[in-house]
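First comes the structure, then the notes that go with it.
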Amino acid sequence: MSVLVVGSIALDDIKTPLEEHSEMLGGSASYGCVAASFFSPVNLVGIVGEDFPSEHVELFKRRNVDLTGLKIAPGKTFRWSGEYMWDLNTRETRSVALNVFEHFTPTLPAKYEETPIVLLANIAPDLQHHVLDQVRLPRFVIADTMDLWISIARQRLVELLARIHLLILNDGEARQLTGETSLIKAARKLREMGPAYVAVKKGEHGCLLFGSDNQFFSCPAYPLEDIHDPTGAGDTFAGGLAGYLAKDGAEVNFSMLRRGVVHGSVLASYCVEAFSLERLKTLTHDQIAGRYEIFRRLSQFDVD
Ligand code: AMP
């Protein structure tokens with residue numbers, strides 16, 4: 001099965017305490033589609049300006065991403081700039097320029113309309129709705145979001161929750177959206193607002209997956225010694241998870257989601273080893289399988 005990915009495609013300027021790089025490939029859809037492509041065919045929906053370097057388009061092509069839904073418009077590509085503090089967890093947005101994204105209201109290519117798995121990667125909820133409106137009977141819809149949309153587009157985001165199966169957000173965003181300090185209560189509230197499943201990411205501490213009241217899974221984080229750039233970890237996680245569900249092809253249930261969360265975490269752990277999508281460019285299936293096995297061992301405790 002295929003995955004439809006809609007989100008931002010960006011040129012990022014990123015500063016960490018040790019390094020600074022500018023005009024690098026970024027955006028939620030870039031990370032999401034490349035991550036998903038390790039497991040399944042991907043249909044990308046996005047927009048870039050005429051300044052978007054062709055080498056990035058070539059990367060999507062090498063990953064066999066269908067680019068019929070990628071629009072190259074007059075104007076500049078979306079730009080984002082962020083700076084990380086010493087803990088590499090705290091991040092400040094230095095600037096955002098929507099550019100060609102400002103008036104992006106895509107019409108889905110006809111061949112995308114029946115994509116079974118949909119990943120609404122982090123982007124304005126209005127655009128997430130607009131794309132979802134055009135998909136016929138999707139089997140499983142995943143949405144990611146960020147603090148910005150909770151602040152400025154809360155109502156549209158809440159409306160989206162009623163239309164999706166899995167919401168992905170980080171712990172701070174879960175608290176911000178629900179007003180609950182307990183993540184257990186927050187996840188319950190979010191599930192009552194629509195999605196059957198909620199994945200709460202906790203940065204370097206892993207991820208919690210919630211289903212119905214007795215369905216709970218805690219995925220550890222891979223103990224990485226050197227993180228170079230945390231940007232895109234969440235988008236890569238979401239893409240890896242969505243791709244895994246599409247690859248499996250069966251009806252999505254909690255055990256499949258548990259394995260999907262681990263696959264997403266494996267890909268995210270590789271993503272942060274280098275700036276931008278550099279590490280994902282060289283990633284192999286053997287490396288994914290190797291780290292999946294380490295996650296399996298990390299999660300067991302009743303062994304000698
Ligand atoms: P993450 O580290 O998972 O939060 O994702 C970082 C990526 O999100 C960067 O590559 C940015 O280009 C992109 N991004 C940042 N702000 C926004 C926004 N308001 N809308 C869409 N994408 C964004």
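Counting begins at 1 with the first residue of the sequence. Read the numbers this way: they start at 1 and go in the same order the structure lists the ligands and their atoms.
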Q) With a 4.0 Å cut-off on heavy atoms, does Arg79 reach ligand 1? A) no
Q: Any salt bridge (charged side-chain N to carboxylate O under 4.0 Å, His left out) involving residues 170-180? Give me the pairs, sequence neighbours left out, ordered by first then second residue.
A: Glu180-Lys189
[atom]: nearest protein contact (heavy atom, Å):
atom: atom 22 (N) of ligand 1; value: Ser8 OG, 2.8 Å
atom: atom 14 (N) of ligand 1; value: Phe78 CE2, 4.2 Å
atom: atom 16 (N) of ligand 1; value: Trp80 CD1, 3.6 Å
atom: atom 7 (C) of ligand 1; value: Asp235 OD2, 3.6 Å
atom: atom 19 (N) of ligand 1; value: Leu148 CD2, 3.5 Å

Q. Is any side-chain heavy atom of Pro17 closer than 4.5 Å to a side-chain heavy atom of Leu88?
A. yes
Q. Do His56 and Phe52 make the cut of ring centroids closer than 6.0 angstrom?
A. yes
Using a 3.5 Å cut-off on N or O atoms only, is [X] in polar contact with ligand 1?
X: Arg91; answer: yes
X: Asp12; answer: yes
X: Tyr31; answer: no
X: Tyr84; answer: no

Q: May I ask you to identify, for Val96, whether its side chain, its backbone, both or neither come under 4.0 Å of ligand 1 on a heavy-atom basis?
A: neither
Q: Check each heavy atom of Phe101 against ligand 1 and say whether those closer than 4.0 Å belong to the side chain, the backbone, both or neither.
A: neither
Q: If the plane angle is over 60° it's perpendicular, under 30° parallel, otherwise tilted; pick one for His165 and Phe140.
A: parallel
(Q) Check this for me: does any side-chain nitrogen of one of Arg291 and Glu273 sit under 4.0 Å from a carboxylate oxygen of the other? (A) yes
Short list, please: which atoms of ligand 1 are under 4.0 Å from a heavy atom of [X]?
X: Gly234; answer: 3 (O)
X: Gly26; answer: 10 (O)
X: Asn122; answer: 21 (C), 22 (N)

Q | Set of side chain to side chain contact (heavy atoms under 4.5 Å, CB included) partners for Arg79, sequence neighbours left out | A | Leu11, Glu23, Asp51, Lys76, Thr77, Ala97, Asn99
Q) How far does CD1 of Ile227 sit from SG of Cys271, to the nearest 0.5 angstrom? A) 10.5 Å
Q.
Distance to the ring centre below 6.0 angstrom and angle to the axis at most 45 degrees; does that hold for Arg191 and Tyr197?
A. no
Q: May I ask you to establish whether Arg259 and Tyr244 are in a cation-pi arrangement, using a distance under 6.0 Å from NZ or CZ to the six-membered ring centre and at most 45° from the ring axis?
A: no
